[in-house]
Amino acid sequence: MNSTLYQAWLQYAPIKDEELAAVYSRLLGTVVADLQQSRVANAAIQELRNACRSMLGIVPSITSEVRASSYFEVRIHAADAEEGTEEIGEDSMGAGRVRLGAEGFRLEHRGHGQQEKLILTGGSGKGVLYGVFHLLRLLASHQPLTGLNITEQPVNGLRMINQWDNADGSVERGYSGHSIFYENGRFTENWDRVRDYARLLASVGLNAISINNVNVHEIETKFITAEYLPTIAQLADIFREYGITLYLSINFAAPLHIGGVPTSDPLNEEVRQWWKDTADEIYDHIPDFGGFVVKADSEHRPGPFAYGRDHADGANMLAEALEPHGGLVIWRCFVYNCMQDWRDRSTDRARAAYDHFTPLDGRFKDNVLLQIKNGPMDFQVREPVSPLFGSMKETNQVLEFQIAQEYTGQQRHVCYLVPQWKEVLDFDTYANGTGSEVKKIVDGSLHGMKYSGIAAVSNIGKDENWTGHTLAQANLYGFGRLVWNPDMSAEGIAEEWTRLTFGNDETEVAVVCGMLMRSWPIYESYTSPLGVGWMITPHTHYGPDVDGYEYSRWGTYHFADRDGIGVDRTVATGTGYTAQYFEPNAARYDSLEDCPDELLLFFHHVPYSHVLKSGKTVIQHIYDTHFEGAEAAAGLLKAWTSLAGKVDLERLTQVTERLADQAEHAKHWRDVINTYFYRKSGVPDAQGRTIY
Ligand code: GCW
């Protein structure tokens, strides 16, 4: 496929500015490279050549000796095997000596006139790969190369994508068509698309992927056996070429289901041996296999609880099997009681992960990482940061985001999530006093952890544009860039993506970036007020249904009645959840006066007449935001259609259709929510607008 939809941010559009193209062509026409047989570096050079053909109409020649007067030199720094760090000499700007990790790169421009050269030094083949993609970003956004002197290293070690793809070809919470990996119970035969996916992931610095759903069904349970491993090894090979390590989600009850062992008890010797033998077999096929992702004792999945064991017992058993091979166990903390009785006000889903896992701190083996969703509930439009971050000082932690827009409009609504993710990463947990932001916990620096990082549920599928909504590509792009460097700004990432995806027309860049930056607040305003969450249709999680979950068995409540709304999670009168935070967060959330408006209903139950910091009552806030939100959604459509003539027809039409649907659906949200609260509370809108 070759459409603009398909190319996503790797458009490599021809550079029409002749002067600029000439400078780029002079520098990149000859590549001087000694790639030491690195497949990854070779893939990078291949990418460079294709990109240059497309952008500049030249195919760089490759030589091992310097011949041309201007050239692009690519080096892999020799001793990259030695612990991944190496001195690489004097910084040409005189900034001193710089250490380059295995995944880092340095890109510098030297000389002038006909004697210019560009030098890329990678700490390994992967460093070269990331450096080439960085260079291509500069080209595609028409940046000057003169004087370039940068060194970049990824901040997070594990930069992972989780596919929730099933062997039958469906994707759990997938909004972009079927799986690119599977169809009808088998692996797809044509893997070109997987290779292009690997390119997309590598281009933003991602380095790990788990290829099957954390809910592991019958066929996928057998992925760890000789029946499937040869095929999976071929997939691993595709990803390996782009610096991406392959992981599998496993079924905790596999020994029982497919191993011929009468139990899956993690302390049973036969079970432990079975996992060791299984690990040996996996590594025979895939020597650099990453490890296992595990959802256990969660939403009816099997786990150690069935045998009276805890999660450390379960995770450590798997860790022991993977340890001799250098594999990791990524153990998810999404463990809660999903059958809560509404009469029981002490059970609180928000508390669950913390309550289950903090007592286990210090008991996990070194190669276990706990994967924690960003919030305590489940990827809501707005929720506080999970109090587990920072609470386990002796346990490796991985943060889990969801790029798939399960609760944020399902890629039918535009909702750029990078600003939300940044709020999470910048949140100060105070775990070690001021300056204990989540980003420092998940990059491993705060508690000096051996393994750490960030993972996210993918949003791609077989749709031609990968992500259903073309603008949802920005979330996949943004996830990679943010995880590479959490200090990048959401605006900066949006701008990069827009330039690479749509080109450098300044009006277009401004319009698209503006839309992206407004999109999450807009979505929030016509859906869920003040952090309350869960007012969506049960199971599908699309569209409003205020009481859908309130009166279901799943136990996630807003407690709205005729007098008020919100969940009391305070210590004195509520579930006590606020106490799971470090001070001063605990006190701030616990206090009705200090709790920030946007999370008020997450932490407190208040009457509709309660006055917010904004000066409005809760009920008036609900009405106002819903009216304004629906209008703003219509504004997104208007902004986009102003780009007619600038954006190619394919993408113009695709996005227009989605935005038109969004504008309609936003009105539906507005009306359902407003009428619900009007009829519950009996309080009219101060502005007398139409509420049904
Ligand atoms: O939010 C829930 C989703 C489930 C998902 C689960 C999880 C994969 O609705 O579809 O299952 O989270 O994260 O395990």
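Keep in mind that what you see is a predicted model, and the values were worked out from it rather than measured. Heavy-atom basis, side chains included; hydrogens, waters and symmetry copies ignored. Numbering of ligands and ligand atoms starts at 1, following listing order. Positions are given from 1 along the sequence.
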Are Leu530 and Leu599 packed together at the side-chain level, in the sense that at least one heavy-atom pair is separated by less than 4.5 angstrom?
no

Please confirm whether Val457 approaches ligand 1 to less than 4.0 Å, judged on its heavy atoms.
no

Please could you name the atoms of ligand 1 that His541 approaches to less than 4.0 Å, counting only its heavy atoms?
9 (O)

Under 3.5 Å: N/O of Lys295 near N/O of ligand 1
yes

Ring of Tyr336, cation from Arg349 - is the NZ or CZ under 6.0 Å from the centre and inside 45° of the axis?
yes

Nearest non-hydrogen protein atom to atom 12 (O) of ligand 1, with distance, is Lys373 NZ, 3.1 Å

Which one of Asn166, Asp168, Asn251 satisfies the side-chain contact (heavy atoms from CB on, under 4.5 Å) criterion with His217?
Asn166

Can you list the steps and then say if Tyr581 with Tyr589 is a ring-ring contact (aromatic ring centres under 6.0 Å, His included)?
CA-CA 9 Å; Tyr581 290 90; Tyr589 289 144; 5.1 Å; yes

What atoms of ligand 1 come closer than 4.0 angstrom to any heavy atom of Asn213?
8 (C)

What residue and heavy atom of the protein are closest to atom 1 (O) of ligand 1, and at what distance?
Asp378 OD2, 2.1 Å

Protein contact of atom 10 (O) of ligand 1 - nearest heavy atom, named by residue and atom, plus distance
Glu172 OE2, 2.4 Å

Below the 3.5 angstrom mark, is there an N/O of Arg332, backbone or side chain, next to an N/O of ligand 1?
yes

Is there at least one pair of N or O atoms, one from Asn215 and one from ligand 1, spaced under 3.5 Å apart?
yes

Listed by chain and number, what are the salt bridge (Lys or Arg N to Asp or Glu O under 4.0 Å) partners of Arg159, not counting sequence neighbours?
Glu103

Under 4.0 Å, counting heavy atoms only: does Phe379 come that close to any atom of ligand 1?
no

Tyr407 heavy atoms, cut-off 4.0 Å: which ligand 1 atoms fall inside?
1 (O)

Aromatic plane relationship, His665 with Tyr542 - under 30° parallel, 30 to 60° tilted, over 60° perpendicular
parallel

Show which atoms of ligand 1 fall inside a sub-4.0 Å distance from at least one heavy-atom site of Arg173.
3 (C), 4 (C), 9 (O), 10 (O)

Using a 4.0 Å cut-off to any heavy atom of Phe334, which atoms of ligand 1 qualify?
6 (C), 7 (C), 12 (O), 13 (O), 14 (O)

Do Arg301's NZ or CZ and the ring of Phe252 fall within the cation-pi criteria of under 6.0 Å and 45°?
no

Non-neighbouring partners of Glu550 that pass side-chain contact (heavy atoms from CB on, under 4.5 Å), sequence neighbours left out
Asp547, Tyr557, His558, Phe559

Of all the non-hydrogen atoms in the protein, which one sits nearest to atom 9 (O) of ligand 1, and at what distance?
Glu406 OE2, 2.6 Å

Looking at Trp497, is Arg481 sitting on its ring face, NZ or CZ under 6.0 Å from the six-membered ring centre and within 45 degrees of the normal?
no

